[in-house]
Structures are given as structure tokens and as C-alpha cells.
Amino acid sequence: MITISGEAWQWLMVGLDAVMLYGLKRWYHGKVRSAEEIEAIQCYKISDDLRSVLQKQDDSKLPYACIEGIVMPTGLPLHSHFDSSEKGVIQHVQFVEHKSKRTNGYWSDVKNIIKDITRVCGFVVVDRDSTSSLQDAQVLVEVLEPLSAEFLMDSLPTTYDQYTPNSDTILSRGIDRIFGEVSKGYQETEKMLLVGDRVLGIGQLMLIGGKIMLEAPSDNSKHFILSTLTKKQIVNAMKSEARLLKYAMLISGLFGSVLLVYLLRKKIRQLIDNYRINRMYREIQQQRELRHRQGTNLAGSSEDDEDKANSENCIICLDNGREVVLLECGHVCLCVDCARALPEPRKCPICRGTITRYVPLFRP
Ligand SMILES: [Zn+2]
Ligand SMILES: [Zn+2]
């Protein structure tokens, strides 16, 4: 099995953070660009002028344009489930159970969507100055695949919103609590794009067989929007999303750089430590050679000397002499070879204190 050390994890985190930062940055720039594009987009009144503008285009298309008008059904409109006098063209009904759920000993509110239905009927957008009947409207814009548009569902006016709390007995609630899930009540909401509502449409406009149609732009990076919000509100919403992304970028950038600085400092300290210990190793090696030469000159040593030497041998290899002082604890227990071979982070084998520095031990 491959085990990953703590430090490797930290480097991995720096890498992941950098990837996340890059993603956030692209997302942020995309949002800013979209907000600017929509701010600068050309708006057309739904009129004969728009038709002639489209006719003048090469392929009778405006790749990215904005229209504003009121909604009219082409056939029978949808009726509200709760108020039959309300008529619309898009209807979104949701039935949600609100619950308290216990996870890991903590209670939290959860939503359980029981029913979520969206219906749409054929509709067109006409100029707001047109009279209320469809026959009178000279120019109209048909919206293709309206449900794929952004800013639509969240901006739909609410036509019904009712919360019914549960009227369970205390006993059944108590039993539910034991099982870790308490149903609190049900919420039923209905949102509708009503006949006569003002909508904003942003996308590709095209003229086909005398009909003007609005559809998703062929450039995927551009937004297809159908909403009851105004252009300014949509631009502001995008700008505030961009601001949030900027904060996320800041936090991720700060986290990554703090971790990176920490890891680099640690790495540099390790390099300095290694440099020091290697220099010391060379110095002591020279001393050893010197002693060796002197030793052979003296031609053998007495047994007393050997016993004394044994008690002063490195506690790890039991062979070399004790050659370094470990700081800050001050223990003298290792030869330079074993000191160099200690695993990172280096710890004193006697007291387990962290070794901040080695000092060569010089005997007179
Ligand atoms: Zn040793
Ligand atoms: Zn020690």
C-alpha cells in the first residue's frame, strides 16, 4: 500500500488550491464578461423595424440581441391550480415536505421535494403598446425552448404559497424523534409567467418565413435569458455573483500562498540543515583520518583505553565514537554518520527532543 506523508499531502493541497484558483479565475472572468456583454447588448422594440433589421442581415439573424415585451398565449393558456382566474403560459408547481433530520447527533432542517412539475404552453412576446388581443399585434416574437433559458424560474411571480404545519400528536412526534426524523409540515407553491407579464428576452433573433423567433445563441459562452427581471437587475445579479467569486478567489489565493510559504520555509530550513551536517561530516571525517594515522603511529592501545572507548561509542551503531552534540538538549550520543542518517524531523534518540542544530564535538 502506498502511504502518503503529511508533507506530501500539504504539497497536494497547494496543487489542488492552485487548480481551484485557476478555475475560479476563469469563472470570474466569464461572469464579468457576460455582465459587460449584456450591459452593452442592443435592445430592439418588437415592431416592423425589427423585421426590417433582420431582413437586412446576411442570414436574417441577429446573433445576440435583446427584446422586451408582454407575454401572450398562442392557444389556450394554463390556469392556476389555486385561482382559476389567473392565466399563464409557464407554470411551476412544487410540493415540498419540511423535515427535521438527525445526522451524527445534530438536528438540521431538510427539504424533501415530493412533486415538481413545470408546464408550458405556446406563447409569443408582443410589444407592450400593442392592444391586448393577439390578432391586433402586428409583430410578434416566438420563444423557442423557453425552459432552457436562464433567470426564468427564479423570477417567476408566485401565484400561490401555502405552508401547512403537521398537526401530529405529541406522542407520534416523540416516536419520530426517536427514529431521528420529524416531519414539520408541507409547503405548496405555484409560480406562473402570467399572460400580460412583461418579459425580457436575450438570445439569437431570427426571421424564418416571416416569423421572428428568439432562441439560445449559437455561441455557447453567451447566455440565453428569458426573465421578468429588467436588464439592469440581471446585470447586477451577474456582477454580485462575480463579486462573490472574487472573494472566493481571495480566500483560496491566501490559503494557498500561506501554505506555500510555510512549505518553502520548511524546505529551505531542511536544505540548510543538510548543508550544515554534510560540512560537519567532512570535518569529522578528516579528524578521524588524523586520529587513525596518530593511532597507527602509537601502534596499539591498552585494554583500558578500549573499555573507555566502548562506553563512549555511538549508541546507534556502537562502533564509531561520539562525535556530535545535539542542540538544544545537549546530548552527546551519536557519531556523525548516524546523526546524518536520522529520519526527518530529526529527534534526539535519548530524550526525543527536536534537534535544531548539530555541533561537532572536539576533544583536545
Ligand atoms: Zn553511529
Ligand atoms: Zn537529547
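Ligands are counted one by one from 1 in listed order, and the atoms in each one are counted from 1 as well. The analysis underlying the following values was restricted to heavy atoms, covering all of them including side chains, and did not include hydrogens, waters or symmetry mates.
Taking the ring centre of Tyr28 as origin, the terminal cationic atom of Lys246 falls outside the region bounded by 6.0 Å and 45° from the ring axis.
In the model, Gln94 has no side-chain atom that pairs as donor or acceptor with a side-chain atom of Glu188 under 3.5 Å.
Taking the ring centroids of His98 and Tyr163, they lie under the 6.0 Å cut-off. Tyr186 has its ring centre less than 6.0 Å from the ring centre of Phe95.
Atom NZ of residue Lys101 and atom CG of residue Asn112 lie 8.5 Å apart, to the nearest 0.5 angstrom. Atom CD1 of Ile225 is separated from atom SG of Cys66 by 8.5 Å, given to the nearest 0.5 angstrom. Summarising the geometry, atom OH belonging to Tyr358 is positioned 7.0 Å from atom CG belonging to Leu334; distances are rounded to the nearest 0.5 Å.
With contacts defined as side-chain heavy-atom distances shorter than 4.5 Å, the pair Leu152/Ser227 does not qualify.
Closer than 2.8 Å to the Zn ion (ligand 2) sit the protein N, O or S atoms Cys329 SG, His331 ND1, Cys348 SG, Cys351 SG. Less than 2.8 Å away from the Zn ion (ligand 1), the protein contributes these N/O/S atoms: Cys314 SG, Cys317 SG, Cys335 SG, Cys338 SG.
Between Arg322 and Val332 the shortest heavy-atom distance is NH1-O, 3.3 Å.
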